[in-house]
Amino acid sequence: MSVDSTLDCCIVGGGPAGLVLALVLARAGRSVMVLEKHADFLRDFRGDTIHPSTMEVMYELGLLDRFLQLPHQKVSELFGQFGDFRIPIADLSHLPVHAPYIALMPQWDFLNFIAGEARRHSGFELHMGAEATDIVEENGQVKAVQVQIEGKRREIRSTLTIAADGRESVLRRRAGLPVQDLGAPIDVLWFRLSRRPGDPQETMGKFMPGRIIVMLNRGNYWQCAFVIPKAGIEAIRAAGLIAFRETIASLLGFSPDRTAEIKSWDDVKLLTVKVDRLESWCKPGLLCIGDAAHAMSPIGGVGINLAVQDAVAAANILAAPLASGAVDLDVLRRVQKRREWPTRVTQRLQLVIQNYVIAPTLQARRFERPPLVARMLTGWPLLRRIPARLLALGVRPEHVSEAIRNASTQMAGVR
Ligand SMILES: Cc1cc2nc3c(=O)[nH]c(=O)nc-3n(C[C@H](O)[C@H](O)[C@H](O)COP(=O)(O)OP(=O)(O)OC[C@H]3O[C@@H](n4cnc5c(N)ncnc54)[C@H](O)[C@@H]3O)c2cc1C
């Protein structure tokens, strides 16, 4: 067992929350180690939507131009199809931001980019294939994490440990932080189908009585999210793959040869939807952010962006206390105080959509007409700017502090 005692911050989890926090803290001159249990970032269907709020952060860090050189698709308008009615839902093109659209990009490209930028700073260290198994507490304070790296058990000591290890967070469990389950009546099946000549351009949601599917235009393929009632996967599997393909083909109006691209259940990934939130995001020496603090519903595709916003707020609040080594519980609570309200509002909106639009659609046998709010969006184009703003920027957009922006340009440690 070896011991690192001079580290400012040990971050468990190399997802959007952990890596963005590491990047911003490293730019602020802090020493940061990220522990990621997987050997690479290659995970499919993990949320590929980069919203304007995240791209504003990239701009503030001077990275937006390089970021946009990565292959991506732009989505500036979102549509919903309710039975025979086509409803424009959100128009992002009017937003006063540097990138007024959602960039669809594989999450591993985003994470590789952030890790690559963070590596330019001498204070940053990333260990892949490093699985944290427990926290080490001394006198009621988290002092270290235990981790398996290349088959060896190590203990990483730091001034502050961050749990950014996602919605199944080991650290929050080991720390005994109580979780409030907010309930989710749905699960989601993800799969791909090719895009072919004559297909529509736009990214859209299709609502039919008893069925909902969201299709993201990924260039040469559609990334499809088929929404099912909670735990409905067993019944779908029992009915068989052929029946599943037929359902999808009739819902999308695609020919059977296209849905035959779903060759086995291995091509269909289940997302068990969870919406939860920690009552307290911290204890002495430990702070949870991102999904580890609040698992989000996939509605609106805001999980990555909320995680990034948590990371920016945490970096703004923690950079100076970490420099002086004085990170007490009050400082950690300031991060929760800053981010809890936007989390609550976003989760509340997701629950309203889940319970009043999605669940009734899945139970419906026929449609009279689209929901009232959808009809209002059709009639009043200006109204579409509200969902656009909520989706794009969230309810409390975070900005990299001036202190960190200036510190990063003065930093001697940039490689
Ligand atoms: C199938 C699916 C589809 C989704 N679709 C979207 C979408 O379209 N848009 C969107 O914005 N959001 C989407 N989300 C949600 C989004 O992925 C999350 O909200 C977001 O990734 C949260 O970021 P995070 O960094 O907090 O956690 P995560 O992205 O979950 O990252 C946690 C990281 O910690 C690592 N880790 C876990 N345990 C340990 C450990 N013990 N030791 C070391 N490392 C560990 C994991 O390997 C992972 O890399 C989706 C989620 C899923 C599961």
Side-chain angles (χ1 to χ4, degrees), residues 10-22 33-51 53-54 75 102-108 110-112 114-115 126-135 145-149 154 156 161-174 184 187-191 203 205 214-216 218 223-227 268-276 278 281 287-311 314 339 343 346-347 350 391-392 394:
C10 174
I11 299 174
V12 175
L19 281 176
V20 171
L21 176 60
M33 182 187 288
V34 179
L35 306 172
E36 167 52 50
K37 73 175 176 184
H38 288 104
D40 54 40
F41 296 123
L42 287 176
R43 281 157 281 150
D44 213 348
F45 302 121
R46 286 306 309 275
D48 295 348
T49 51
I50 307 296
H51 289 210
S53 60
T54 296
V75 178
I102 293 170
L104 296 179
M105 173 184 296
Q107 198 178 114
W108 58 82
F110 174 64
L111 296 178
N112 273 323
I114 300 293
L126 169 63
H127 289 277
M128 302 301 288
E131 181 161 5
T133 52
D134 209 345
I135 50 173
V145 282
Q146 285 182 357
V147 58
Q148 290 282 343
I149 304 181
R154 287 184 64 186
I156 310 290
T161 299
I162 300 280
D165 49 344
R167 59 210 202 116
E168 305 295 342
S169 172
V170 170
L171 262 60
R172 81 179 188 187
R173 197 164 62 243
R174 303 302 299 176
D187 288 331
V188 177
L189 301 179
W190 286 96
F191 54 92
T203 284
V214 176
M215 297 171 68
L216 307 179
R218 304 305 309 274
Q223 187 167 318
C224 306
F226 184 57
V227 183
V268 182
K269 306 276 182 277
L270 171 68
L271 165 63
T272 306
V273 176
K274 267 190 182 182
V275 185
D276 67 27
L278 290 181
W281 296 19
L287 172 70
C288 302
I289 61 168
D291 274 16
H294 47 73
M296 307 301 293
S297 160
I299 292 168
V302 293
I304 296 171
N305 303 282
L306 219 69
V308 169
Q309 299 290 298
D310 281 6
R339 295 304 306 159
T343 303
T346 310
Q347 287 181 326
Q350 289 185 323
L391 268 176

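First listed ligand is number 1; within each ligand, the first listed atom is number 1.
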Less than 3.5 Å between some nitrogen or oxygen of [X] and one of ligand 1, yes or no?
X: Gly301; value: yes
X: Val170; value: no
X: Ala307; value: no
X: Ile304; value: yes
X: Pro16; value: yes

Which atoms from ligand 1 have a heavy atom of [X] less than 4.0 Å away?
X: Gly166; answer: 27 (O), 30 (O), 32 (C)
X: Leu35; answer: 43 (C), 44 (N)
X: His38; answer: 47 (O)
X: Gly13; answer: 33 (C), 34 (O), 35 (C), 44 (N)
X: Ala130; answer: 42 (N), 43 (C)
X: Ala164; answer: 32 (C), 33 (C), 34 (O)
X: Gly290; answer: 26 (O)
X: Glu131; answer: 41 (N), 42 (N)

Other residues, nucleotides and ligands only: do more than 12 of their heavy atoms fall within 6.0 Å of CZ on Arg218?
yes

Hey, is the main chain of [Y] close enough, under 3.5 Å, to the side chain of [X] for a donor-acceptor pair?
X: Gln347; Y: Ser297; value: no
X: Gln223; Y: Leu216; value: no
X: Asn305; Y: Ser53; value: no
X: Asp48; Y: Leu104; value: no
X: Asp165; Y: Val170; value: yes

Among Gln107, Glu36, Glu168, which residue places a heavy atom closest to atom 49 (O) of ligand 1?
Glu36

Any idea which part of [X] is under 4.0 Å from ligand 1, heavy-atom wise: side chain, backbone, both or neither?
X: Pro298; value: neither
X: Val12; value: side chain
X: Leu271; value: side chain
X: Trp190; value: side chain

Across all chains, not counting sequence neighbours, the salt bridge (Lys or Arg N to Asp or Glu O under 4.0 Å) partners of Glu131 are none

Less than 4.0 Å between a side-chain N and a carboxylate O, is that true for Asp276 and Arg172?
yes

How would you list all residue pairs meeting salt bridge (charged side-chain N to carboxylate O under 4.0 Å, His left out) that involve residues 300-309, not counting sequence neighbours?
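Non-adjacent pairs meeting salt bridge (charged side-chain N to carboxylate O under 4.0 Å, His left out): zero.
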
Do Leu189 and Asp187 touch side chain to side chain, with heavy atoms closer than 4.5 Å?
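Counting from C-beta outward, Leu189 and Asp187 never come under 4.5 Å.
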
Non-hydrogen side-chain atoms of Val147 and Thr133 separated by less than 4.5 Å:
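No. Closest side-chain heavy atoms not under 4.5 Å.
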
